[in-house]
Structure formats: C-alpha cells, structure tokens
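Proteins come first, then strands; the chains are lettered A, B, ... in the order of their sequence lines, and each starts at number 1. Scope of the values below: all heavy atoms of this structure, side chains included, with no hydrogens, waters or symmetry mates.
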Amino acid sequence: MSEEKLTSRSENFSEWYNQLVQRAEMADYAPVRGCMVVRPYGWALWENIQAALDRRFKATGHVNAAFPLFIPMSFLEKEKEHVEGFSPELAVVTIGGGETLEEPLVVRPTSETIIGHMYAKWIKSYRDLPVLINQWANVVRWEMRTRLFLRTLEFYWQEGHTAHATYDEAEEETLRILDLYTDFAVNEAAVPVIPGRKSDAEKFAGAQRSYTIEAMMGDTRALQAGTSHNLGQNFAKAFEIRYLDDQNELQYCWTTSWGLSTRFVGAIIMTHGDDQGLILPPRLAPIQVVIVPIFRNDEEKSLVMPAVETLKGQLEGMRLKVDERTELTPGFKFNDWEMRGVPLRIEIGPKDVQNGVVTAARRDIPGKAGKIAIPAANARTEIESLLTNIQAALLQRATDFRDSNIHPVDTYEELSQVVQNGWAFAYWCGSSECELKVKEDTKATTRCIPCDQQSGAGRCVVCNQPAAEKVYFAKAY
RNA sequence: CGGGGCGUGGCUCAGCCCGGUAGAGCACUCGGUUCGGGACCGAGAGGUCGGCGGUUCAAAUCCGCCCGCCCCGACCA
C-alpha cells in the first residue's frame, strides 16, 4: 500500500513516474533485468485498451489469429533492413530439450517474417486479397535501458499484418489504422496525439513509409504512442507473397503492419497524472467510481450502508468499487484512490444520508473545489454526466498543455532553445544530414511530419535550403 | 558496453571509517480507542547483513573475486 507523498513532477519527473507505477500497483519489477510484472490493476487498464482497439479492428474488417513465439533465424535474415534494424536486440534460443538446435530460434521481436511466410502459403489469387489479420501477443527486444511500460525487454501489444493487391490499397490501409489509433487515443484515452509520417531515419526497419501518433508527456518529451507501416513490397519480395491478378499475371502483394503496445499505459500515466498520483480517463479506468462509506459506529453504519447499497444498485453496469475496508480511515482511502487515479469518488456519510445526497469528488479537480453534493435520488444521471465531463476535461487540459508547449520556429537558434523544454515546429528540407545535426546538437529528433500540413513552402530551419514540409522536433522517450 | 550509485527483516534506511550481543521508521499480526483529507496506544512476529573466498580468537564492519539492481550516455514501441 502507498506510503507518504510521491516525488513531485516538477522535482523529478522520471522519479515521479517510477514511484507512481509501483505505488498505484500498475506494475512491478520482475526478477529478470528489464522485465516487468503487470499487476492486476495495470492489466485491467490494458484490457480496457485492448477492448477499445479490438472493437475498432473488427469494425474495419480485421480478424484475430495467433502466430508462433519462435521464428527461425533465417527468416529474419531474408529482409536486409529488417535484420539490420533488429539483430542487435534479438533474444535467441539455441538449445531445446537439452539438444543444440540445428537452426537457432529467435524469440519474436515482431512478426512480419513469420506471418509473411504464412501469407506466401495462403495467398494465391487476387480473390484472396486483402488479408486483414491482427494478433495480440508478447514480443521481446533486448533493450539496453528499460523503464516500466515505456521500454521493457518483453512487452505486450497488438500487431496487425495485412496484404493487398495494390500500393494504393496498402497505403489506404496504413492510413486507416493511423486514423483508428488517433481516434482511440483522443476519444478513449483522452491523449491528444499528432498523426504524421516518420522521417527515413526514424522509420521502421524494412518499411517503405512509417506513420506514427506522437503524444506529449507531462515533461514535454515526445512519445511515439502507436505506429502504422506501409511495407511496400519489401516483405512480399523477401517471402514470395504473390498472387495471380485478373489478367492471370503473377504479382507481388503490398503489405502493411501496425502496432500499439503496453507503452500506451505509460502514455496515459504521463499525460494525465499529477502530484497526487494517477488520473485515469473514465472510458478506460478499471474502476470508474469508488464509493467510500463513512461512519463512526454501528448506529451510523446502519444508516450509511443502506444508502451505499441503494447507490450501488443505481450504478449497475458501471465499473464500481465499494471500499469496505474497516481498518483504514476515510482520509487514507481518499489518498489511496487518488493515487490509483479513479476518476470519481463518492463519499457517503451520515450527513449525506440526512440531506438525501451523496458527495462526489472529481479526481481531476483536487481538494474541496472538486467536491459537489448530488441528490441521491437521481445520482446515476449526475454521475454519468460527471464522468463525461471528466473525460472531456482531461482531453482539454492535455491538449492545452501540448499546444502551449509547441513553438513554431524559423531559426536554428530558436529551435535549439525550444527543444530544451518543448516541441519545435519548423520547415525541414528532408535531408538526413540536417536531422542528424539537430540530434547531435540538441538530442532532439524529428518526431513526425504531420498529416494535416498547411500547404506552402519555406526554408529548412537547419540548412536554409527550400523546404516543402514542416516537421516537429522534440526530445523523445 | 562506458560513467556513477547501491545491495542489512516486506519497504526506506542507520550501523561499516575505528571488527566484539544486528537496529530504527513504515508495512504486517493481535487487543483497545479512533474514523467527513494520509489516526493513536500497547503487545507481537519477522533478518544465512547479495554470494564465494581470505585475514582474525572474533567479520554486516577489513581484503579479494563474483553476482545483481538502480541512475546517467550510444539503439528502440
């Protein structure tokens, strides 16, 4: 259970995050370096994320399947950029059942290769296309520096893999998923994101084009919260994914892949949390409403508990928890549930019962300011609208914060200044040299070239050559 | 892999410099008083001091080796 005060965000954001994840019982360190245990409360949040995404995948015609954890080493080697990108971080199994394996097996870092192999088997005709498969899985990448949820050796995610007849269809799918991710982030998680395209340097190993949703965390650093890749024909050619078109001509497929991981849990924590702890968006919160009954003796208890039961009945179907722990004071419980980010707390004490009300306390508005008495009779309506308001307020606050920390810049000096504590938005000529110079000078990288680009042209903030597009520069997780 | 820090009850740490009966706070258990913003009193349980070796009459403490974790840098969702 939680101890005293959390390190404040302003004092040390990174320490605040580490403490919060553990004290809110989202996750804990595993006995293996860089691995985490996702605790029931954290997993419940992930399950809600999964449900919100899975609904959207199904609604756009995708189906789920499961592919193996182990991938023959030779598969990885079939796509040049892919193996170059991933080989430093592979976990490889060389012994099975006490015998040295003839061919080492890679623990999947992502599944393009093994799925590509299967698609080559399954796809023969244009009538087989498109193939729209998603899998929910764990993957392993041997990272050097790890942080709970944000970067762990093993993480959980979904990876979609699709195959299409034309480039345009693949590009359309890639962007459809980018939209889907954006819709999920904004409307379910209340995390404002900027959808855009990755630079060549930042794109996925083996992709033709990578898209991303970029979010700003509470310390203004950027977090890639989901990605969608148009793989072109790179994997189709490496794995011979081909079909006969309606002219009886053999063609390579065009494939895509896209993923969103448990990292998103970190995004939610770092977008909404405050110095009291987590603040979870009502639509995803494992517990939307917590009821804290307040009484001093049996007489008061017999007054209060029926009111609690009545409210519980009214809130049927909502994600609700009644805190009946007897050994703790109400004050402690308030802080405890605030640490865990429950969006709405209902206090019911003798005074409330006498007045025919319940006291609601909004997590997003700390202290007395967030407390209101609502009539017990139509509590459900009030509570539902409070949750809706909280959801909207979280999005608004995060959006305002983000927007006030994005600065359009015209000069390199401004850019260097701004990225120390915010995002810079500037024209960029598109060259890797300019991108690299910024990275070396300031540690900030290009985050994305936003999709809704105002038409126009300018000059590259680094080299002053003509530039057609604007890009965000920021320090990233 | 470089740089820094740390391993002592579940957690945070003191003790180590200067070797000599393993400690505190929190958490846990029991009893009582409390309860509308992190309650209090009393009693109790719980530790091969990261591991191995060495020095010594005697090692948490001194020496050597090893292991692990955290933080800061180069790769990444």
Side-chain angles (χ1 to χ4, degrees), chain A residues 1-6 12 14-15 17-19 22-23 28-35 84-90 109-110 137-159 181 198 201-205 210 212-215 222-229 257-267 276-277 292-298 300-301 304 323 325-339 345-355 357-359 361 366-368 370-371 373 439-440 443 445 476-477:
Chain A
M1 193 161 312
S2 48
E3 302 114 60
E4 294 302 303
K5 279 239 181 302
L6 214 52
N12 184 343
S14 155
E15 188 57 29
Y17 176 83
N18 288 339
Q19 289 181 5
Q22 289 180 83
R23 288 203 200 168
D28 201 354
Y29 291 102
V32 178
R33 179 196 76 87
C35 291
E84 279 173 10
F86 279 106
S87 60
E89 52 188 52
L90 294 179
T110 179
N138 56 339
V139 289
V140 169
R141 299 180 186 178
W142 215 263
E143 301 290 349
M144 297 181 183
R145 286 202 55 211
T146 58
R147 307 222 23 219
L148 293 173
F149 288 116
L150 302 176
R151 182 175 301 107
T152 45
L153 295 199
E154 179 188 22
F155 59 91
Y156 304 86
W157 75 345
Q158 58 67 214
E159 46 178 324
Y181 285 159
K198 281 291 189 188
E202 297 285 329
K203 77 176 166 46
F204 176 75
S210 283
T212 174
I213 50 171
E214 292 287 323
L223 184 81
Q224 178 173 316
T227 47
S228 184
H229 315 289
S257 70
W258 27 276
L260 187 148
S261 75
T262 37
R263 167 180 266 196
F264 205 95
V265 172
Q276 299 304 310
V292 179
I294 296 161
F295 50 81
R296 274 168 298 196
N297 49 46
D298 284 349
E300 289 183 350
K301 182 177 180 181
V304 164
D323 189 346
R325 292 175 293 180
T326 55
E327 71 280 13
L328 298 171
T329 62
F332 185 96
K333 292 178 180 177
F334 297 167
N335 286 283
D336 195 37
W337 292 113
E338 280 164 11
M339 181 72 77
R345 179 180 75 240
I346 305 291
E347 305 168 15
I348 303 181
K351 286 182 232 161
D352 297 306
V353 177
Q354 272 164 19
N355 299 332
V357 300
V358 299
T359 301
K368 283 218 162 65
K371 285 201 192 189
K439 188 174 181 181
E440 283 172 353
K443 297 198 172 97
T445 51
Y477 275 98

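Separation of the P atoms belonging to G19(B) and C63(B) is 12 Å when rounded to the nearest angstrom. Taking atom C1' on both nucleotides, C40(B) is separated from U56(B) by 49 Å, rounded to a whole Å. Rounded to whole Å, the separation between the C1' atoms of C11(B) and G4(B) comes to 24 Å. Distance check on atom C1': G2(B) versus A24(B) gives 38 Å, rounded to whole Å. Spacing of P atoms, C57(B) relative to G46(B), comes out at 35 Å, to the nearest Å. With P as the reference atom, C26(B) and C71(B) are 28 Å apart, rounded to whole Å. Nucleotides C52(B) and A60(B) place their P atoms 12 Å apart, quoted to the nearest Å. Spacing between U8(B) and G51(B) at atom C1', rounded to whole Å, works out to 14 Å.
Between Phe204(A) and His229(A) there is a side-chain heavy-atom pair separated by less than 4.5 Å. The shortest side-chain heavy-atom distance between Phe155(A) and Asn138(A) does not fall under the 4.5 Å cut-off.
Per the geometry, CD belonging to Gln19(A) stands 12 Å off C1' belonging to C11(B), to the nearest Å. Rounded to an integer number of Å, the gap from NZ of Lys443(A) to C1' of C76(B) is 17 Å. In this structure, the CD atom of Glu327(A) is 15 Å from the P atom of C40(B), given to the nearest Å. Distance CD (Glu214(A)) to C1' (A77(B)): 11 Å, rounded to an integer number of Å. Atoms CG (Leu148(A)) and C1' (C69(B)) sit 13 Å apart, rounded to a whole Å. Taking atom CG of Asp28(A) as the reference point, atom P of C70(B) lies 11 Å away to the nearest angstrom. Between the CD atom of Glu202(A) and the P atom of A77(B) there is a distance of 8 Å, given to the nearest Å.
Scanning all heavy atoms of the two residues, the minimum distance from Lys333(A) to Val292(A) falls at CD-CG1, 3.9 Å. When all heavy atoms are compared, the tightest approach of Val304(A) to Gly349(A) is CG2-C, 3.7 Å.
Sequence order on RNA chain B of the closest nucleotides to Tyr29(A) and Phe149(A) puts Tyr29(A) first from the 5' end.
Across C71(B), C76(B), A74(B), the shortest atom-to-atom separation from the side chain of Asn18(A) is found for C71(B).
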Detail all sub-3.5 Å separations between protein N/O atoms and N/O atoms belonging to nucleotides 31-37 of chain B.
{"residue": "C35(B)", "atom": "N4", "partner": "Arg296(A)", "partner atom": "O", "Å": "3.3"}
{"residue": "G36(B)", "atom": "O6", "partner": "Gly349(A)", "partner atom": "N", "Å": "3.4"}
{"residue": "G36(B)", "atom": "O6", "partner": "Gly349(A)", "partner atom": "O", "Å": "3.1"}
{"residue": "G36(B)", "atom": "O6", "partner": "Pro350(A)", "partner atom": "N", "Å": "3.0"}
{"residue": "G36(B)", "atom": "O6", "partner": "Lys351(A)", "partner atom": "N", "Å": "2.8"}
{"residue": "G36(B)", "atom": "O6", "partner": "Asp352(A)", "partner atom": "N", "Å": "3.3"}
{"residue": "G36(B)", "atom": "O6", "partner": "Asp352(A)", "partner atom": "OD2", "Å": "3.4"}
{"residue": "G36(B)", "atom": "N1", "partner": "Asp352(A)", "partner atom": "OD2", "Å": "2.4"}
{"residue": "G36(B)", "atom": "N2", "partner": "Glu347(A)", "partner atom": "OE1", "Å": "3.0"}
{"residue": "G36(B)", "atom": "N2", "partner": "Asp352(A)", "partner atom": "OD2", "Å": "3.1"}
{"residue": "G36(B)", "atom": "N2", "partner": "Thr359(A)", "partner atom": "OG1", "Å": "3.3"}
{"residue": "G37(B)", "atom": "N7", "partner": "Lys371(A)", "partner atom": "NZ", "Å": "3.1"}
{"residue": "G37(B)", "atom": "O6", "partner": "Arg345(A)", "partner atom": "NH2", "Å": "2.6"}
{"residue": "G37(B)", "atom": "N1", "partner": "Glu338(A)", "partner atom": "OE2", "Å": "2.7"}
{"residue": "G37(B)", "atom": "N2", "partner": "Asn335(A)", "partner atom": "OD1", "Å": "3.2"}
{"residue": "G37(B)", "atom": "N2", "partner": "Glu338(A)", "partner atom": "OE1", "Å": "2.4"}
{"residue": "G37(B)", "atom": "N2", "partner": "Glu338(A)", "partner atom": "OE2", "Å": "3.2"}

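Rounding to the nearest 0.5 angstrom, the gap separating the CZ atom in Arg345(A) from the CG atom in Asp336(A) is 11.0 Å. Taken from CD in Gln224(A) to CD in Glu202(A), the straight-line distance is 8.0 Å, to the nearest 0.5 Å.
Using the six-membered ring where Trp is involved, Tyr181(A) and Trp258(A) have ring planes that are perpendicular, over 60° apart on the 30 and 60° scheme.
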